[in-house]
2 protein chains.
Amino acid sequence: MSLRYALLALLTAEPLTGYDAAKRFGGSVGFVWHAPDSQIYPELRRMEKEGLIEGEQVRWGPNSTKTRYSITDDGIRAFRDWMNAPVDYGPIRDAPHMRAAYFEWADPDRVRENLQRHIDYYTEQRARWAAMRASILDASHPTIATRIEKYPAQEHERIIAYKAFAYQGLVDRATAEIEWARDGLDLVDKLSPPSP
Amino acid sequence: MSLRYALLALLTAEPLTGYDAAKRFGGSVGFVWHAPDSQIYPELRRMEKEGLIEGEQVRWGPNSTKTRYSITDDGIRAFRDWMNAPVDYGPIRDAPHMRAAYFEWADPDRVRENLQRHIDYYTEQRARWAAMRASILDASHPTIATRIEKYPAQEHERIIAYKAFAYQGLVDRATAEIEWARDGLDLVDKLSPPSP
DNA sequence: ATATCCATGTAATGCGTTACATGATTTG
DNA sequence: CAAATCATGTAACGCATTACATGGATAT
């Protein structure tokens, strides 16, 4: 159900086509909430039917049109309500940690590989999140630039500070994951010394 | 698909009825992988059909029986293979952080509430994970006790160390989340000073 | 006997994934 | 004019969630 609110969040910055929205899910929002294209188009149509957004046909080339969606007042209200409601913490499903608990069943070299992959994965994610945070702070991120143009100056600080804060949390988490996996590599070496 | 492997992992310690397994998902495994009862029974039947586990009818009271499942050699092989395969990191879907990025849309007091809930949630989880870790290390956890009885002494260190390591990671993550939310509370106070 | 476990499900629905599918427009 | 981008989907499947449903066994 959060895809809907992720879309509303995007549309508070500017009107978008389905394609635009799908692109955003490849970067920016996509770093905290993933959604495939095939989910986005139908969801936008559903949201329009419910009056949260409004689609207008705009010309695209000489023989074609595209649908550009804008958020409605109802949509803004729905987004605000959701933002004010308590988050619900979904059930825990953590494959890497579950697997780690049973590492004695894997070959030590495969364990090393998995831990290294964990380090690589979170190193890459951390770089993305850190880059995103930096581009928010200096407003070089295009969506942020559009957004701060649209809202009054006294809001700018909040808009930027909260986004930087969110991404900071993700960076910190990635750091913790990397440290954990490094400890894991040490542990494997202790329990199953590598052949020299 | 990991529910299957969580079940196999449980069954490497001892045979279980569906009910027993479901209980385990309330504690221990449930702290890293959640599954509702209604998913467990059908999955066990499917696994039996595929030969990963074997069900036997055992008496339960004078007029009734229950099904106790044991892991088969095929099941052990499937579990080992899965443990040796690389983890796949699912798509990111992080409601708390996504929401935090748009906190300027919520009332400051609701933001405070949400952050406090985040702190409370992870404080509770951390306590669970830490308790689990402690009961693994001193083998006071019943499933661990059963497990180390079943496997040769030279395996005991690995069995315990990897499980403690897994839960340590979860404890660390919880700590990071709590710190992040505390920073968030400070940030709200800075951006929207509380009325005195 | 009554409450609490223990035991085992079904059904409807929703969310998400993967794969498939197509065509117009702009850019180099 | 070819390649990349923009645009918009459908279909099948699977996993997960919620709600509903039932009944025997054991302990107090």
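Numbers restart at 1 for each chain; the letters A, B, ... are given by sequence-line order, proteins then strands.
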Indicate whether OP1 or OP2 belonging to [N] is found under 4.0 Å from a side-chain N or O atom of [X].
| X | N | answer |
| --- | --- | --- |
| Thr67(B) | dT8(C) | yes |
| Tyr19(B) | dC6(C) | yes |
| Arg93(A) | dT17(D) | yes |

May I ask you to check whether Tyr89(A) and His118(B) place their ring centers less than 6.0 Å from one another? yes
Hey, do the aromatic rings of Trp33(A) and His97(B) have their centres closer than 6.0 Å? no
Atom-to-atom span, [atom1] of [X] to [atom2] of [N] - whole angstrom:
| X | N | atom1 | atom2 | answer |
| --- | --- | --- | --- | --- |
| Ile40(B) | dC15(D) | CD1 | C1' | 14 Å |
| Lys66(A) | dT8(D) | NZ | P | 8 Å |
| Tyr41(A) | dA21(C) | OH | C1' | 13 Å |
| Arg24(B) | dA7(C) | CZ | P | 11 Å |
| Gln39(A) | dC13(D) | CD | P | 19 Å |
| Met47(B) | dG14(D) | CE | P | 17 Å |
| Gln57(B) | dA7(C) | CD | P | 12 Å |
| Glu43(B) | dT8(C) | CD | C1' | 16 Å |

For DNA chain C, whose closest nucleotide is more 5', that of Pro42(B) or that of Trp60(B)? Trp60(B)
On DNA chain C, nearest-nucleotide positions of Thr65(B) versus Ala35(A): which is more 5'? Thr65(B)
Within a strict 4.5 Å, meaning less than it, do heavy atoms of the Leu8(A) and Ile76(A) side chains meet? no
Selected nucleotide, minimal atom distance to [X] side chain, candidates [options]:
| X | options | value |
| --- | --- | --- |
| Asp37(A) | dT8(D), dC15(C), dT8(C) | dT8(D) |
| Pro62(A) | dA25(D), dT25(C), dG16(C) | dT25(C) |
| Asp20(A) | dT25(C), dA7(C), dA7(D) | dA7(D) |
| Ser38(B) | dA7(D), dA19(D), dT18(C) | dA19(D) |
| Ser64(B) | dT17(C), dA25(D), dA16(D) | dA25(D) |

So, does Ser64(A) use its side chain to make a donor-acceptor pair with the main chain of Gly61(A) at under 3.5 Å? no
Are Val111(A) and Leu191(A) connected in the hydrophobic side-chain network, where two residues link if heavy atoms are under 4.5 Å apart? yes
Base, sugar-phosphate alone, or nothing: which one does Arg45(B) contact when heavy atoms must sit under 4.0 Å apart? sugar-phosphate
Contact class for Arg59(B) (heavy atom, under 4.0 Å): base, sugar-phosphate, or nothing? nothing
